Amino acid sequence: MNELQHKGTGDSSQTWPNMAHFWMPFTANKQFKTNPRLLVSAQGMYYTDIDGNKVLDATAGLWCCNAGHGRAEISEAVSKQISQMDYAPSFQMGHPLAFELAHKLSEMSPDGLDHVFFTNSGSESVDTALKMALCYHRANGQASRTRFIGRELGYHGVGFGGISVGGISNNRKTFSQQLLQGVDHLPHTLDIANNAFSHGLPPYGVDKAEALEQLITLHGAENIAAVIVEPMSGSAGVILPPDGYLKRLREITQKHGILLIFDEVITGFGRVGAAFASERWQVTPDMITTAKAINNGAIPMGAVFVSDAIHNTCMNGPDELIEFFHGYTYSGHPVAAASALATLSIYENEQLFERARELESYFEQAVHSLKGLPNVIDIRNTGLVAGIQFAPSNKGVGKRGYAIFDHCFRNGALVRATADIIALSPPLIVEKSQIDDMVNQLTDAINAVD
């Protein structure tokens with residue numbers, strides 16, 4: 001049977017697809033297909049599921065839809081562009097929208113990061129940035145700089161480069177024999193013993209940055225190309241940098257001529273109350289990787305913001321030679337670029353980055369009201385993002401987090417579960433009443449789950 005007729009409990013009825021053939025990413029496929037969660041439409045702050053039920057989106061899709069769902073400005077821009085020109089190559093060719101978008105992005109990027117290389121995802125942005133680091137050092141006469149340093153619990157996508165510098169064990173262990181050589185990891189900054197229930201950046205842990213000096217002593221600065229970290233580790237469960245930590249990393253890398261890459265695939269475009277975490281926390285790296293909210297999740301797209309020094313050094317060769325042997329068929333895709341330009345206009349016109357900062361205090365108070373509920377051992381927040389961590393169930397690690405996630409969905413709220421951590425990252429258009437709703441849903445789920 002190719003299709004199953006499903007009669008929903010809401011006003012609509014939908015035909016369920018044959019689920020046998022889609023191998024779903026980052027999903028327990030057998031578990032999911034036994035009891036699916038299917039979304040069929042979205043508008044504003046809400047999805048509608050296959051049963052016709054409204055589901056409050058407390059995750060901005062997957063950290064993507066910062067302007068909310070169903071934005072007419074974006075769909076109209078996409079429709080207009082796909083009718084005018086559906087595709088154009090970026091290899092030895094170009095089209096105006098890619099240049100217009102790069103210019104627009106350069107205007108909102110931190111000072112000195114004025115060049116943009118387009119990709120299709122965060123994973124591709126990370127692999128691109130790592131390659132750029134090698135290209136830069138080679139062009140700068142320091143070809144021995146080939147080592148990379150990531151961080152424990154870091155997530156940098158699923159390319160072999162990103163997995164190599166990433167620090168989440170489940171993402172690495174199957175592929176451990178094929179990862180990049182010459183990669184080390186800094187210790188993570190999660191310290192519940194000293195920083196539990198901090199509001200904003202945790203006060204303890206700046207000293208963790210000193211581990212970088214130890215790795216430099218071990219390998220020699222002349223052999224290290226770049227350090228890559230997420231300013232805030234989102235996929236690992238909203239792990240925040242201790243106050244002063246990012247600044248210290250910047251000081252150490254500059255002292256030793258090592259590039260610093262911020263992975264802002266999640267924090268970019270307003271999530272922490274500024275265009276970028278580097279702006280919010282006043283630390284400018286040499287490169288920033290982005291994706292997700294660059295065009296509100298409308299069409300796959302990413303971008304790497306590159307310093308003038310890196311770009312100009314790599315451009316020093318003969319005019320007729322390709323400077324960087326790297327790129328993607330869809331780099332700067334015209335329809336993706338159109339959706340991004342429309343998205344950036346929404347961010348600007350509605351002042352959504354500023355709005356996230358204005359709502360931060362209310363959001364903080366709301367999520368910290370969960371303190372004291374059963375099994376809650378930590379709450380972390382900044383901007384419009386929060387992580388609520390639970391003690392593991394005696395049934396196994398991750399069982400409690402999944403049960404809370406599933407309970408919320410079945411009762412009308414979409415949250416994100418990472419092991420026994422629930423993350424909240426609502427679209428930046430969220431109202432205070434909707435913040436209350438998602439916290440109330442979590443309260444009910446926490447009290448209902450063993």
Side-chain angles (χ1 to χ4, degrees), residues 4 6-17 19 22 24-66 68-70 234-235 237-238 266 292 297 363 366-367 370 373-376 379 384-390 392-393 395-427 429-431 433-450:
L4 297 174
H6 170 71
K7 295 296 183 181
T9 58
D11 294 334
S12 65
S13 63
Q14 295 280 339
T15 299
W16 280 31
M19 297 186 185
F22 178 23
M24 300 173 67
F26 281 111
T27 299
N29 278 249
K30 289 184 290 184
Q31 179 188 60
F32 177 89
K33 292 171 185 179
T34 299
N35 193 14
R37 295 172 294 273
L38 297 179
L39 305 171
V40 297
S41 65
Q43 187 66 41
M45 282 292 301
Y46 293 89
Y47 282 107
T48 300
D49 72 9
I50 198 168
D51 291 329
N53 300 311
K54 295 294 184 183
V55 180
L56 177 61
D57 182 6
T59 64
L62 194 61
W63 317 91
C64 301
C65 304
N66 285 4
H69 298 282
S235 296
V238 188
I266 284 175
K292 293 190 182 292
F363 181 74
V367 296
L370 299 170
L373 293 182
N375 303 302
V376 175
I379 298 171
L384 283 182
V385 59
I388 301 96
Q389 186 157 351
F390 302 90
S393 165
K395 299 176 184 177
V397 173
K399 298 291 187 180
R400 176 168 284 126
Y402 177 83
I404 291 171
F405 152 75
D406 192 60
H407 185 284
C408 285
F409 182 80
R410 304 299 173 188
N411 289 276
L414 178 62
V415 300
R416 175 170 166 76
T418 299
D420 288 304
I421 302 168
I422 293 294
L424 300 178
S425 57
I429 64 169
V430 66
E431 299 290 345
S433 61
Q434 293 162 339
I435 293 173
D436 294 341
D437 287 346
M438 64 184 69
V439 170
N440 289 337
Q441 285 278 16
L442 264 177
T443 299
D444 292 344
I446 293 167
N447 285 323
V449 168
D450 292 333

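Treat the numbers as computed from the prediction; the structure is a model and nothing was measured.
- With hydrogens and angles disregarded, no donor-acceptor distance shorter than 3.5 Å links the side chain of D420 to the backbone of F390.
- Taking 4.5 Å as the limit, every side-chain heavy atom of Q434 sits out of range of all side-chain heavy atoms of P426.
- In this structure, R400 and S393 approach most closely via the heavy-atom pair NH1-N, 3.3 Å.
- Contacts classified as ring pair (Phe, Tyr, Trp, His ring centres under 6.0 Å) and involving residues 37-66 (residues at least two apart or in different chains) are given here: Y47-H69.
- Of the possible polar contacts, one joining the D49 side chain to the D51 backbone as a donor-acceptor pair under 3.5 Å is found.
- Side chain of S425 to backbone of V385: no donor-acceptor contact under 3.5 angstrom is found.
- In this structure, the side-chain contact (heavy atoms from CB on, under 4.5 Å) partners of L373, at least two apart in sequence or on a different chain, are L370, V376, T443, I446, N447.
- Side-chain contact check for L38 versus P17: some heavy-atom pair is nearer than 4.5 Å.
- Taking all atoms of both residues into account, the shortest heavy-atom contact from T27 to F32 is CG2-CB, 3.8 Å.
- Using a 4.5 Å cut-off on side-chain heavy atoms (C-beta onward), K33 and M24 make contact.
- In this structure D406 satisfies the salt bridge (charged side-chain N to carboxylate O under 4.0 Å, His left out) test together with R37, R410, sequence neighbours excluded.
- Contact annotation: the side chain of N411 never approaches that of D444 to less than 4.5 Å [non-hydrogen atoms, C-beta and beyond].
- The shortest heavy-atom contact between V415 and A58 is CG1-CB, 4.2 Å.
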